[in-house]
There are 2 protein chains.
Amino acid sequence: MLCIVRQVPRTPDPAVRVALIEQAAAMLVAREPVTLRALAGRVGTSTMAVYTHFDGMPGLWGAVRQEGFARLARGLAEVSPSDDPVRDLAALGAAYAANAVENPALYRAMFDAAADLPDPGAAGAGFALLVDAAQRAVDAGRFVDADPAAVATRFWASGHGVLLLVLSGVLPDDALDEHSPALATAVFTAAGDDPERCAASVRAGWAGS
Amino acid sequence: MLCIVRQVPRTPDPAVRVALIEQAAAMLVAREPVTLRALAGRVGTSTMAVYTHFDGMPGLWGAVRQEGFARLARGLAEVSPSDDPVRDLAALGAAYAANAVENPALYRAMFDAAADLPDPGAAGAGFALLVDAAQRAVDAGRFVDADPAAVATRFWASGHGVLLLVLSGVLPDDALDEHSPALATAVFTAAGDDPERCAASVRAGWAGS
DNA sequence: CACGATACATAACACTGCTATACCTAGCGA
DNA sequence: TCGCTAGGTATAGCAGTGTTATGTATCGTG
């Protein structure tokens, strides 16, 4: 029997991998077309690097989407919880919207094929922060007979809808401040919160105070 | 001064124009890649037809988006108003969602660049039906101190968000029935409707009864 | 009927993502 | 220390994309 001891040769450079992802994200936020050759040229490598690291452009897009979700989760994690869980939910929504508005092209690319991420858990981490705050609202008696995951999903979906309509230019920019807090208040009130108290909490959280 | 009477020669064939739009929409709903050559081949014309009629692929996409909004508006117009404006709003939402679910690729393409449509008025016609129903809810005393356009926008944006998350596979298919009526009820209740009466109206409208 | 402007067909261009091939560098065993 | 080897990287070419230049056919007009 052939018992050949295989050698372990050179390994792909992780720096090239992150450079490609970050360059692609940078070109995305700069509204430049993200082409294979332009990307490789900017990073200073050959087009083949995209294939050794990501197995082609679709793989690169997956990595870029994942990086977008990771940045989003980091942005949400910076929101420090307070003793008002409804305010925290609104603050998370404001941070979410701010992240999307800062790099709209990246946000839109994230949801082009958000279903097949290399590591879905990374995206779930951000959503878990919403569910956690909703759970605290239930525990605090602000939400009654409400499923925290359902409330978080509805809050997220409504914010996502307003965001996309604003980012695509269908709604004007000020529609974010006009409709997002109102939708949040509607969702949280429907979950059982007192309307006036809810409105005050959302106002505080959305303003970031 | 040269006063040359210009002749008006042959005019582009409108049938080719509509054939290109409908073929593109058909390939879109069939999840086939809509390429210039494949499109021209299916229609039985040359690639140049796309340029004489639409000045290139971006122009064709604009026409396809407009056709999508026109179909959507036709689908919404089929919803017959009743004496319950809140039910009508929910019925419009259900028709809207059904239209989007039937051809998801077309719906997503519509909002890829919905801001610059050849004729924005066509898209506004569908939205006007929502505003009209909201106005009737105000007139009927169901909504109090509510701006019909704002209510319609929030209803639309929340439904749009759920739809896109479902169409992109982030949320499961049954999320539509689970969250869309609940969001509608939240929005309409926030506009002043009685919670229980609102829930009944939304249930009736969403079910199409 | 003849003219001429224009829709349409054909072919070539620049660009895209991708792949086959050559090189060459990193790491192990002798 | 040195040679071997496996895999990362560079180069060149491929099929396919949208676009454009050029030729041809056709219709409305005088």
Side-chain angles (χ1 to χ4, degrees), chain A residues 1-28 30-65 105 109 112-113 116 118, chain B residues 1-28 30-65 105 109 112-113 116 118:
Chain A
M1 150 182 184
L2 287 175
C3 186
I4 306 176
V5 176
R6 298 290 175 190
Q7 323 193 46
V8 178
R10 64 185 299 195
T11 164
D13 186 359
V16 173
R17 180 189 166 88
V18 308
L20 284 170
I21 295 177
E22 298 201 344
Q23 183 61 46
M27 297 170 77
L28 213 45
R31 291 179 184 75
E32 300 173 19
V34 183
T35 91
L36 179 62
R37 285 169 178 81
L39 182 65
R42 295 288 185 86
V43 176
T45 175
S46 154
T47 61
M48 278 301 297
V50 174
Y51 288 83
T52 60
H53 286 278
F54 307 102
D55 196 37
M57 286 299 280
L60 173 80
W61 283 115
V64 169
R65 282 192 291 268
D112 275 348
D116 37 64
Chain B
M1 151 181 185
L2 286 176
C3 184
I4 307 177
V5 176
R6 298 290 174 191
Q7 322 193 48
V8 179
R10 68 186 294 200
T11 162
D13 186 359
V16 173
R17 180 189 166 86
V18 308
L20 284 170
I21 295 177
E22 298 200 346
Q23 183 60 45
M27 297 170 77
L28 212 46
R31 290 177 184 77
E32 300 173 20
V34 182
T35 88
L36 179 61
R37 284 170 179 78
L39 183 65
R42 296 288 186 86
V43 175
T45 177
S46 155
T47 60
M48 276 302 297
V50 173
Y51 287 83
T52 60
H53 286 277
F54 307 102
D55 197 37
M57 285 299 280
L60 172 80
W61 283 115
V64 169
R65 280 192 292 270
D112 275 348
D116 38 63

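Chain naming here is simple, since letters A, B, ... match the order of the sequence lines and numbering starts at 1 in each.
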Can you build the contact string for nucleotides 11-17 of chain C? Use B for base contact, S for sugar-phosphate-only contact, and - for no protein heavy atom under 4.0 Å. -B---BB
What closest approach, in Å, do A/Arg37 and A/Thr47 show between heavy atoms, and which atom pair accounts for it? CG-CG2, 4.1 Å
What's the spacing between B/Asp112 CG and A/Asp112 CG if we round to 0.5 Å? 7.5 Å
Contact between A/Arg65 and A/Asp116 at the side-chain level, heavy atoms closer than 4.5 Å - yes or no? yes
Tell me whether the OP1 or OP2 atom of D/dG7 has a side-chain N or O from A/Thr52 closer than 4.0 Å. no
To 10°, what angle do the rotation axes through the five end pairs on each side of the helix from C/dC1-D/dG30 to C/dA30-D/dT1 form? 0°
Once you round to the nearest 0.5 Å, how far does CG of B/Leu28 lie from CH2 of B/Trp61? 5.0 Å
Has B/His53 got a side-chain N or O lying under 4.0 Å from the OP1 or OP2 atom of C/dC8? yes
To the nearest Å, how far apart are B/Leu20 CG and C/dC8 C1'? 12 Å
Less than 4.0 angstrom between a side-chain N/O of B/Ser46 and OP1 or OP2 of C/dC8, yes or no? no
Rounded to the nearest 0.5 Å, what separation is found between the NE2 atom of B/His53 and the CE atom of B/Met48? 10.5 Å
Decide yes or no for B/Leu60 and B/Leu39: does some side-chain heavy atom of the first lie under 4.5 Å from some side-chain heavy atom of the second? yes
Any B/Leu36 side-chain heavy atom under 4.5 Å of B/Tyr51 side chain: yes
Could you measure the distance from the CD atom of A/Gln23 to the CD atom of A/Glu32? Nearest 0.5 Å is fine. 8.0 Å
Integer-rounded Å distance: D/dT19 P and B/Phe54 CZ: 13 Å
I need the CG-P distance between B/Leu39 and D/dG18, as an integer number of Å. 9 Å
